[in-house]
Protein chains: 2
Amino acid sequence: MNIGDVSARTGLPAKTIRYYEDIDLIKPLRDDNGYRRFRDQDVHKLNFLGRARALGFTIEDCRTLLALYEDETRASADVKRVARDHLAQIEAKIADLNAMRDTLSHLIDACAGDDRPDCPILKDLGGKG
Amino acid sequence: MNIGDVSARTGLPAKTIRYYEDIDLIKPLRDDNGYRRFRDQDVHKLNFLGRARALGFTIEDCRTLLALYEDETRASADVKRVARDHLAQIEAKIADLNAMRDTLSHLIDACAGDDRPDCPILKDLGGKG
DNA sequence: CTTGACCTTCCCGTGACTGGAACCCCCATT
DNA sequence: AATGGGGGTTCCAGTCACGGGAAGGTCAAG
């Protein structure tokens with residue numbers, strides 16, 4: 001399979017697939033003409049990576065998870081730790097964003113949004129002054 | 001005031017302040033020795049920027065907001081539109097993160113987290129296979 | 001006169017790609 | 001044989017909002 005087929009199958013852009021090879025996440029073979037030749041295992045890994053990335057894992061997490069995936073003697077505790085750490089990051093980010101949303105939506109509610117210059121949003125950003 | 005004092009007052013790293021000058025958000029004066037000299041208005045702008053950035057506005061949004069802030073004839077509708085667009089982005093991001101969190105926490109709950117290799121997290125990432 | 005805390009500019013690195021240029025390969029049609 | 005089009009390849013630059021660190025100028029204190 002060439003990169004275009006793999007891209008269609010995995011939903012990953014060809015650019016991304018090349019990038020993943022570049023950083024040694026996958027190691028497709030090469031045809032004589034220099035084209036990458038992907039085996040089923042490569043496609044499988046790419047699907048794995050796509051799902052992990054969709055869950056927000058960093059590339060380095062993905063590398064770790066992929067190694068665990070391929071290691072038949074892994075301990076599920078190691079996987080769980082990676083996932084829990086990541087979950088904590090996500091929850092922290094959600095908390096930050098919720099705080100922003102609350103502040104912002106209050107300000108927006110307070111703003112008339114008409115053609116007059118008076119604006120509580122700018123007032124707040126300017127330091128109530 | 002030199003950059004160190006301004007940094008202490010605004011809570012912004014000196015690097016950030018220099019960067020903001022670089023991209024023309026602020027225009028401090030210069031002393032004969034080449035040191036930046038900050039006026040009260042510069043500090044005020046930096047505080048504005050710090051608060052806007054803390055609410056997650058992009059630098060370009062900040063540029064827009066600052067221009068509106070300085071324009072006495074602005075319409076509050078323009079400010080409100082910027083804020084509402086940004087709020088929408090935040091809410092989209094929150095929705096994404098919530099979905100990730102839900103999926104992840106289910107997987108984590110299902111994972112024994114012991115020394116055995118069997119792991120629903122990897123099973124899911126690998127495509128249930 | 002030296003120390004040490006400031007300040008300056010400049011360049012590289014971050015994460016995870018994306019866009020684009022310049023070029024090669026292969027098949028089909030004119 | 002030439003051409004066209006749709007693959008593929010590499011490499012370089014850009015994204016966003018800075019942060020790290022080098023190399024060097026400036027200034028007040030001891």
Side-chain angles (χ1 to χ4, degrees), chain A residues 1-38 42-43 45-46 48-66 85-86 89-90 92-93 96-97 100, chain B residues 1-38 42-43 45-46 48-66 85-86 89-90 92-93 96-97 100:
Chain A
M1 260 202 289
N2 284 346
I3 200 166
D5 309 311
V6 177
S7 171
R9 263 189 211 212
T10 60
L12 297 172
K15 279 276 192 185
T16 298
I17 297 172
R18 290 195 195 98
Y19 173 65
Y20 287 173
E21 183 192 18
D22 220 51
I23 62 175
D24 295 316
L25 282 175
I26 53 166
K27 300 189 200 306
L29 306 175
R30 293 290 177 140
D31 282 339
D32 289 345
N33 58 13
Y35 286 20
R36 290 170 182 80
R37 185 158 56 80
F38 294 85
D42 298 316
V43 177
K45 275 195 201 184
L46 285 168
F48 183 101
L49 290 168
R51 277 186 283 263
R53 291 288 300 129
L55 285 179
F57 285 104
T58 65
I59 289 285
E60 284 318 301
D61 280 347
C62 289
R63 196 188 299 281
T64 304
L65 291 171
L66 205 46
D85 287 356
H86 178 47
Q89 307 256 340
I90 287 180
K93 209 173 272 183
D96 282 359
L97 289 173
M100 290 181 194
Chain B
M1 257 199 293
N2 284 346
I3 200 167
D5 308 310
V6 176
S7 173
R9 265 190 211 211
T10 60
L12 296 172
K15 278 274 190 186
T16 298
I17 297 172
R18 289 194 196 99
Y19 173 65
Y20 287 171
E21 183 192 17
D22 220 49
I23 62 174
D24 295 317
L25 282 175
I26 52 167
K27 301 190 199 305
L29 306 175
R30 293 290 178 141
D31 283 339
D32 289 345
N33 58 15
Y35 286 21
R36 289 170 183 81
R37 186 157 55 82
F38 294 85
D42 298 316
V43 177
K45 275 196 201 184
L46 285 169
F48 183 100
L49 290 168
R51 276 185 284 261
R53 291 288 298 129
L55 284 178
F57 285 104
T58 66
I59 289 286
E60 284 318 300
D61 280 347
C62 288
R63 197 187 299 282
T64 304
L65 290 171
L66 204 47
D85 287 356
H86 178 47
Q89 306 256 341
I90 286 180
K93 209 172 273 183
D96 282 358
L97 289 172
M100 290 180 194

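Chain naming here is simple, since letters A, B, ... match the order of the sequence lines and numbering starts at 1 in each.
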* Student check: side-chain heavy atoms of A:Ile59 and A:Arg53 closer than 4.5 Å -> yes
* Asked: From D:dG19, D:dG21, D:dA17, pick the nucleotide closest to the side chain of B:Thr58?
  -> D:dA17
* If an axis is fit to five pairs at each end of the helix from C:dC1-D:dG30 to C:dT30-D:dA1, what is the angle between the two, to the nearest 10°? -> 40°
* State whether B:Asn33 places a side-chain N or O below 4.0 Å from either non-bridging phosphate oxygen (OP1 or OP2) of D:dC27. => yes
* Does B:Thr16 have a side-chain nitrogen or oxygen under 4.0 Å from the phosphate oxygens OP1 or OP2 of D:dG19? -> yes
* **Expected output: side-chain B:His86 to main-chain B:Asp61 donor-acceptor under 3.5 Å** => no
* A:Thr10 and side chain to side chain contact (heavy atoms under 4.5 Å, CB included): which partner among A:Asp5, A:Asp42, A:Leu49, A:Leu46? -> A:Leu46
* So does A:Arg18 get a side-chain nitrogen or oxygen closer than 4.0 Å to the phosphate oxygens (OP1/OP2) of D:dG8? -> no
* To do: Could you tell me whether B:Arg37 contacts a base, only the sugar-phosphate backbone, or nothing, with contacts defined as non-hydrogen atoms closer than 4.0 Å?
  => nothing
* Asked: How would you label the contact of A:Ile23 with the nucleic acid (heavy atoms, under 4.0 Å): base, sugar-phosphate, or nothing?
  -> nothing
* Going 5' to 3' along DNA chain C, which nucleotides are the first and last within contact of chain B (any atom under 4.0 Å from a heavy atom)? -> C:dC6 to C:dC10
* Measure from the side-chain heavy atoms of B:Tyr35 and tell me the nearest of D:dC18, D:dT10, D:dT26. => D:dT26
* To do: May I ask you to verify whether the side chain of B:Tyr19 and the base of D:dG19 hold a donor-acceptor pair under 3.5 Å?
  => no
* Examine distances only and state if a side-chain atom of B:Asn33 and a backbone atom of B:Tyr35 form a donor-acceptor pair shorter than 3.5 Å. => yes
* **B:Phe57 vs A:Arg36, nearer the 5' end of DNA chain D by closest nucleotide** => A:Arg36
* Asked: Say you draw a straight line from CZ of B:Arg36 to CZ of B:Arg30; how long is it, rounded to the nearest 0.5 Å?
  -> 4.0 Å
* Would you indicate whether the side-chain heavy atoms of B:Phe38 and B:Ile26 approach each other to under 4.5 Å? => yes
* To do: Mind running salt bridge (charged side-chain N to carboxylate O under 4.0 Å, His left out) on A:Glu21 and A:Arg18 for me, showing each step along the way?
  => CA-CA 5 Å; A:Glu21 183 192 18; A:Arg18 290 195 195 98; over 6 Å; no
* **Candidate nucleotides D:dG19, D:dG8, D:dT10, ranked by approach to the side chain of A:Asn2 - the nearest** => D:dG8
* Does B:Ile23 offer a backbone N or O that forms a donor-acceptor pair with the side chain of B:Arg63 under 3.5 Å? -> yes
* To do: Kindly compute the distance separating CG (A:Leu97) from CG (B:Asp96), expressed to the nearest 0.5 Å.
  => 10.5 Å
